[in-house]
There are 2 protein chains.
Amino acid sequence: MSRHASKATLKTLAQELELSITTVSRALKDGPEVRPETIARVKQAAARLGYAPDRSAVNLRTGRTGTIAVLFFVPHAYDDVGDGSITAIIEGVCRRLEGLDYTPVVQLLTLEVDGLERVRRIVEGKLADGIILSGTTPQDERVRWMLERRFPFVTFGRTELFTPHPWYDVDNELAAHQATAHALSEGRRRVALINPPETLTFARQRLAGYRRALAEAGIAYDPALVVHGGLGAGESREATRALCAGEDPPSAIVCATGVVAIGACAGLRDRGLEPGRDVLVVSRDGTRMASYLEPPLPTCFASLSDTGWHLADFLMRALDGAPVEDLQMLVETTLVPGDRR
Amino acid sequence: MSRHASKATLKTLAQELELSITTVSRALKDGPEVRPETIARVKQAAARLGYAPDRSAVNLRTGRTGTIAVLFFVPHAYDDVGDGSITAIIEGVCRRLEGLDYTPVVQLLTLEVDGLERVRRIVEGKLADGIILSGTTPQDERVRWMLERRFPFVTFGRTELFTPHPWYDVDNELAAHQATAHALSEGRRRVALINPPETLTFARQRLAGYRRALAEAGIAYDPALVVHGGLGAGESREATRALCAGEDPPSAIVCATGVVAIGACAGLRDRGLEPGRDVLVVSRDGTRMASYLEPPLPTCFASLSDTGWHLADFLMRALDGAPVEDLQMLVETTLVPGDRR
DNA sequence: GAGAAAAATCGTAACGTTACGATTTTGCGG
DNA sequence: CCGCAAAATCGTAACGTTACGATTTTTCTC
């Protein structure tokens, strides 16, 4: 029955065992210059006294924190429907970091929060060994800043910066093309697009894919059918109501996320329109959310859990000094039809 | 144009300004014993050289980390539908911590992860100044451990431990009673309950409320109508299918979370039953998710955003030494009818 | 303008850890 | 049992910060 009175340190252990602090420290990390017998003795005492290394001391000394910061961008007020993406991503990150003594810690970024400020705090305060960053813009200042400092990071989403950096991305151009083409192939010719804020790289790529699909079908691009804005369910619902206000509502809506799709469906019903029948709603998701709705929505799917895994993987390899060319990956979405399964 | 070559420290500043490290340190925190003029000079230089305090050094010296750990329990595989609760909670936490130089960091806990291990790492490694913990059990060992160490924390959910501790909780007994009574008042007499794993305090309270409502209506408790298990959409869907396998399906299902409700609806449709008409699904949620579904589900609502705010508030006040009696709060749910709004 | 009080600044030690070179102990051939 | 290499252990310094008592400078009083 140990007392655990106050925290045990190397000093405590050294006194207890009549060894030097140095030897204790080395023994705990299986240093080759300490006798196996001593190692056993030290580890036993450490367990008995409940020793745990003081992370800030280790960090101060070594510069290593054992922490990975995950800065996740939530491009909407957390109003109505919580965004489940983050849990899926973290699950993937955790899966990759399993057993690696890196701990992921998550911070949420919104449109209001100054992302650069957060990044600076983390880098300058040495709060993490690496950063996983989402919500990239073409000329992302946070990315630029980290590149300048040579701080290890990986982004979810590309930038247009000249200097290459590790990234993982879903092919949003493809996804939007897929979704739009699917709608067109179902005979829907007035296809609307509900898109994220225009500043995001993500948004531009989606717009490009959407326009390409329209062009291929020989349909003129109509800016009135494109909405840029927050990605909350409430915002999407509003946008959908607005789209359907006139006498000529769209016959399909291509959505940027599952939450957006839920909002769009609600907006349609507000106008007395039936999703799937009157207006086809095509979702883009990283979870299986859309398949649970009624009717199940056709969805451009790319697993967020896998995304998390790869992001963490790239970061780990970046920390190991892997060349940046190996740390860039574009994943394709697959169109999951909305049929009842 | 500053060079930012490598990190600026107090030493750097001191040399640059020909002051002592002590004075610089004090100036930066507006110490009363340093000349206002000097303070200005120091701060200017700090800004110019991009000085930021090294958090691990501060932590080592002071014992303060400026970090609040949020350990969020996700009682299901992150399979199908991501859980949006966490974003809502964090939003609330951030709202409370705004401007307080505490940073919340989130870690996810699952049934497989050893929560005690995580807590120990955080406490012993001095990784945070306080912990917000969810997924409590009646004899929660993590809580007991933190109480023993006198480590500041607050739980989302109560325990049955003798020693009092700060907590915030939704009245789950009431919520389940509300939901069940609502179903009964609609003439549904075979009410099923899909509940979390029995180990959670949460689960027991819900079961109690459910049974009380049944008893008040003079209906016998039928264990076959109660499911304990994971709270994922897939698990809930399975459970619902099983419940509706016999020739006498329930006429209502009381769900523990929004994700569970979504799964239940899908399970019903799998069996050719229409949620809301054939079987009433009553949800329990902290976001407005249920109101977006078709048909909108009646829901026992208590804001998760507010929950986050209060959890952070209690923790802040606990750190300030507030008496534990002031740091316990039970919030009631309100039944939101499922009508189209 | 001397002396004392007040204001401003400084130096040292410590937080717990690890890196590195120095020192002691052990094992072994002769 | 000596000498010497190898194995094991040790001491010191440093990471960047803050607390505290000591010291210097300024200001005020008579």
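In what follows, every heavy atom counts, from backbone to side chain, and hydrogens, waters and symmetry copies are set aside. Lettering of chains follows the sequences in order, A, B, ..., and the numbering in each one begins at 1.
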Would you tabulate the nitrogen or oxygen pairs shorter than 3.5 Å linking the protein to nucleotides 11-14 of chain C?
| residue | atom | partner | partner atom | Å |
| --- | --- | --- | --- | --- |
| C:dG11 | N7 | B:T22 | OG1 | 3.2 |
| C:dG11 | O6 | B:T22 | OG1 | 2.6 |

What pairs with [X] under side chain to side chain contact (heavy atoms under 4.5 Å, CB included), at least two apart in sequence or on another chain?
{"X": "B:E160", "result": "B:P138, B:Q139"}
{"X": "A:R121", "result": "A:E117, B:R55, B:T103"}
{"X": "A:S25", "result": "A:L10, A:K29"}

Query - Sugar-phosphate only, base, or nothing, as touched by B:K29 at under 4.0 Å among non-hydrogen atoms - result: sugar-phosphate
Report task. Please work out if A:L19 contacts a base, only the sugar-phosphate, or nothing of the nucleic acid, heavy-atom cut-off 4.0 Å. Result -> sugar-phosphate
[atom1] of [X] versus [atom2] of [N]: gap in Å, rounded?
{"X": "B:E33", "N": "D:dT25", "atom1": "CD", "atom2": "P", "result": "18 Å"}
{"X": "B:N59", "N": "C:dT17", "atom1": "CG", "atom2": "P", "result": "12 Å"}
{"X": "B:E124", "N": "C:dG16", "atom1": "CD", "atom2": "P", "result": "14 Å"}
{"X": "B:L60", "N": "D:dA19", "atom1": "CG", "atom2": "C1'", "result": "14 Å"}
{"X": "A:I21", "N": "C:dG16", "atom1": "CD1", "atom2": "C1'", "result": "8 Å"}
{"X": "A:L17", "N": "D:dC10", "atom1": "CG", "atom2": "P", "result": "10 Å"}
{"X": "A:L10", "N": "C:dA19", "atom1": "CG", "atom2": "P", "result": "12 Å"}

Report task. Nearest 0.5 Å please: distance from the OG atom of B:S56 over to the CG atom of A:D54. Result -> 10.0 Å
Query raised in the report: Between CZ of B:F156 and CZ of B:F73, what distance do you get to the nearest 0.5 Å?
Result: 12.5 Å
Query - Beyond-backbone contact of B:V119 with B:I122, side-chain heavy atoms, under 4.5 angstrom - result: no
Query raised in the report: Are B:P104 and B:L97 side-chain neighbours, meaning at least one heavy-atom pair lies under 4.5 Å?
Result: yes
Query raised in the report: Starting at the 5' end of DNA chain C, which residue's closest nucleotide do you reach first, B:K126 or B:P32?
Result: B:P32
Query raised in the report: What parts of residues 34-43 of chain B reach DNA chain C, counting only heavy atoms under 4.0 Å away?
Result: B:V34, B:R35, B:T38
Query raised in the report: Considering only C:dG16, C:dT17, D:dT17, which nucleotide approaches the side chain of A:P53 most closely?
Result: C:dT17
Report task. Look at the side chain of B:D54 and decide which nucleotide, out of C:dT17, D:dG16, D:dT9, has an atom nearest to it. Result -> D:dG16
For residues 307-318 of chain A, tabulate all N or O donor-acceptor pairs below 3.5 Å that involve a side-chain atom, not counting sequence neighbours.
| residue | atom | partner | partner atom | Å |
| --- | --- | --- | --- | --- |
| A:T307 | OG1 | A:S303 | O | 2.9 |
| A:H310 | ND1 | A:D306 | O | 3.2 |
| A:D313 | OD1 | A:R96 | NE | 2.7 |
| A:D313 | OD1 | A:R96 | NH2 | 3.0 |
| A:D313 | OD2 | A:R317 | NH1 | 2.9 |
| A:R317 | NH2 | A:D326 | O | 3.4 |

Query raised in the report: Are B:E91 and B:R95 close enough for a salt bridge, meaning some N to O gap below 4.0 Å?
Result: yes
